[in-house]
Number of protein chains: 2
Amino acid sequence: MTRQQLIDQIKQKKSFLCVGLDTDLDKIPEFLKQYPDPVFEFNKRIIDATKDLCVAYKPNSAFYESYGVKGLQSLIDTWQYLPKETLNIIDAKRGDIGNTSDKYARAFFDETASGMSFDAITVTPYMGNDSVTPYLKYEGKWVIILALTSSVGSKDFQYLNTGDDYLYEAVIKKANTWAGADRIMYVVGATKSTEFTNIRKYAPDNFLLVPGVGAQGGSLEDVCQYGITKDCGLLVNASRSIIYASNGEDFADAAREEAKSLQKQMAVELEKAGII
Amino acid sequence: MTRQQLIDQIKQKKSFLCVGLDTDLDKIPEFLKQYPDPVFEFNKRIIDATKDLCVAYKPNSAFYESYGVKGLQSLIDTWQYLPKETLNIIDAKRGDIGNTSDKYARAFFDETASGMSFDAITVTPYMGNDSVTPYLKYEGKWVIILALTSSVGSKDFQYLNTGDDYLYEAVIKKANTWAGADRIMYVVGATKSTEFTNIRKYAPDNFLLVPGVGAQGGSLEDVCQYGITKDCGLLVNASRSIIYASNGEDFADAAREEAKSLQKQMAVELEKAGII
């Protein structure tokens with residue numbers, strides 16, 4: 001998916017919502033367990049209920065991997081069911097040397113090899129250049145690099161002072177030399193909203209994938225105040241607050257309500273910024 | 001596996017060799033392709049040919065993931081076939097927030113969940129504390145944290161100066177506060193052998209997993225000169241140089257020859273250090 005297609009979709013849907021599919025058998029409604037693949041059945045209904053309200057989906061690979069072969073099959077079936085017009089992100093946070101990153105790229109970007117071809121992958125930057133560039137060989141695919149995360153551990157290393165910059169700033173500056181804003185996005189946690197001004201100095205045009213709104217306590221308004229650009233430049237992810245809005249038979253309707261509420265706030269922000 | 005069991009095994013086998021199972025369908029002998037699962041068939045024969053010469057095995061998850069469901073099944077079958085006395089490491093380089101790391105821990109450490117229960121996992125430190133500690137809840141399992149890698153990209157961030165320390169030193173110092181040398185190892189590339197003296201200042205007792213001997217050009221003698229401890233403290237990994245020593249019908253014998261040659265050099269180093 002090109003940057004322009006993503007921007008067009010944001011304007012058309014008046015939304016920059018990404019729905020995180022962190023699907024956990026212990027949290028989904030009991031009645032789904034009668035189906036042969038409860039995880040896929042859950043995802044299918046969440047997708048049906050939200051696809052006109054969001055511009056991206058983001059399955060979290062760990063949740064599927066924790067169920068072994070059955071979980072991987074759920075992930076493949078979910079990928080196949082995802083709408084073709086949304087930006088479909090695998091949240092895998094991979095990061096390894098070049099010849100190994102080549103294999104991860106095949107695992108997530110090459111349908112003929114693995115059964116899946118996501119549009120984007122999250123990647124961890126610790127091993128540098130050759131842990132990122134192999135993914136960029138795939139035309140039209142995106143790499144989303146961890147910069148400043150919303151977890152408690154983010155302060156351990158991401159805020160280390162590396163001369164003129166914090167480590168997360170050094171990551172953005174260096175990664176900007178590998179590819180442009182048409183191929184690279186950065187992960188920036190919503191709980192760090194005051195840092196967005198600073199991040200926009202180094203990544204003025206890149207889309208930022210922003211987890212942490214909702215369950216983790218980040219504010220959508222703050223994120224937009226400091227992070228929105230003329231092209232929007234934001235994908236705000238919500239996982240648990242949407243997909244587990246109810247654990248009864250009405251879970252898909254409840255997910256839709258929650259997504260709708262976020263989409264409405266996003267429409268206001270897009271108008272405020274003069275994008276729609 | 002406990003630290004003492006690992007040390008005992010090193011003394012008994014006179015080896016601190018780890019065999020990396022980076023198994024690639026494009027590189028294995030042609031005749032294996034007649035088997036229902038050529039990847040597993042290859043691994044099985046490599047394991048049979050090397051298990052008295054090495055103390056650890058390390059399948060690289062990416063290679064298996066790149067073949068989708070079939071690849072994951074090969075990995076599970078390989079795990080089941082691995083000797084129970086070797087330290088079986090999954091080279092996965094995962095790193096995510098706490099609730100997601102919990103899932104990765106289940107994927108690789110909990111046989112009832114996923115079909116696999118490795119003894120150790122490689123982990124990337126960028127997200128800090130909560131990306132590492134969930135694995136430590138599993139009694140007797142190890143976390144192997146990336147410190148200084150052998151790839152070209154290692155210079156992008158690992159050598160950033162963070163005040164008194166390079167980033168890789170800051171990682172070791174911080175991770176030492178999370179658990180001791182009985183639960184944490186560090187990855188240090190063999191091509192960085194002169195850095196081992198420095199690393200031993202911060203990690204005097206930790207085992208170091210050392211890739212880069214062989215195909216990547218690191219020297220076993222240099223690594224030992226600067227890195228060996230009274231308990232050995234080293235696991236030296238070789239992947240391609242062993243498993244692809246031949247691509248004919250004699251590949252397992254050729255792998256054994258190569259492993260034997262490394263084991264003999266290791267016996268000399270263990271004697272030099274007074275360990276055996």
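Convention: sequence-line order gives letters A, B, ...; per-chain numbering from 1. None of the values given here were measured: they were computed from a predicted structure. No hydrogens, no waters, no symmetry mates; every other heavy atom, side chains included, goes into these values.
Using modelled atom types, one side-chain atom of B:Lys33 and one backbone atom of B:Leu25 make a donor-acceptor pair closer than 3.5 Å. A side-chain donor-acceptor contact under 3.5 Å links A:Tyr186 to the backbone of A:Ile172. Remark: the backbone N or O of A:Asp119 is not paired with any side-chain donor or acceptor of A:Asn88 at under 3.5 angstrom. Not one N or O on the side chain of B:Asp165 forms a donor-acceptor pair closer than 3.5 Å with the backbone of B:Ala170. The closest donor-acceptor contact from the side chain of B:Ser117 to the backbone of B:Asp110 lies at 3.5 Å or more, if one exists at all.
With a threshold of 4.5 angstrom between heavy atoms, A:Asn161 approaches chain B through N, CA, C or O but not through any side-chain atom. Both the backbone and the side chain of B:Leu146 come within less than 4.5 Å of a heavy atom in chain A. When heavy atoms are compared at a cutoff of 4.5 Å, B:Pro211 does not approach chain A at all. Interface residue B:Thr124: only side-chain heavy atoms are found under 4.5 Å from chain A. Contacts of B:Thr112 with chain A are absent, with no heavy-atom separation under 4.5 Å from either backbone or side chain. Both the backbone and the side chain of B:Tyr168 have a heavy atom closer than 4.5 Å to some heavy atom of chain A.
For the set B:Leu148, B:Ile97, B:Thr149, B:Thr162, the entry with the most heavy-atom pairs within less than 4.5 Å of chain A is B:Thr162. Per-residue heavy-atom pair counts under 4.5 Å with chain B were compared for A:Phe108, A:Trp178, A:Tyr166, and the maximum is reached by A:Trp178. Annotation: maximal heavy-atom pairing with chain B below 4.5 Å, among A:Ile76, A:Asn99, A:Asp22, occurs at A:Asn99. Among B:Gly163, B:Gly95, B:Ser150, B:Ala147, the residue with the largest count of heavy-atom pairs under 4.5 Å with chain A is B:Ala147. Heavy-atom pairs under 4.5 Å with chain B were tallied for A:Gln158, A:Lys174, A:Arg106, A:Arg94; the largest tally goes to A:Arg94. The greatest number of non-hydrogen atom pairs below 4.5 Å with chain A, out of B:Thr122, B:Asp91, B:Asp102, B:Val69, is found for B:Val69. In terms of heavy-atom pairs under 4.5 Å with chain A, the best-connected choice from B:Ser61, B:Gly98, B:Gly115, B:Pro125 is B:Pro125.
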A:Phe251 and A:Phe42: CA distance, side-chain angles, deciding distance, ring-ring contact (aromatic ring centres under 6.0 Å, His included) verdict: CA-CA 9 Å; A:Phe251 78 96; A:Phe42 178 85; 4.9 Å; yes

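Of the N and O atoms on the side chains of B:Thr100 and A:Asn60, at least one donor lies less than 3.5 Å from an acceptor on the other residue. Checked by atom type, the side-chain pair B:Asn176/B:Lys173 shows no donor-acceptor distance below 3.5 Å. At a cut-off of 3.5 Å, with distance as the only test, a side-chain donor of B:Tyr159 or B:Glu195 sits close to an acceptor on the other residue. Side-chain polar atoms of B:Tyr67 and B:Asp37 form no donor-acceptor pair below 3.5 angstrom.
Annotation: residues 130-139 of chain B contacts chain A through B:Asp130 [non-hydrogen atoms, separation under 4.5 Å].
Salt-bridge annotation for A:Asp24 and B:Lys103: present, with a side-chain N of the basic residue lying under 4.0 Å from a carboxylate O of the acidic one.
With contacts defined as side-chain heavy-atom distances shorter than 4.5 Å, the pair B:Phe118/B:Trp79 qualifies.
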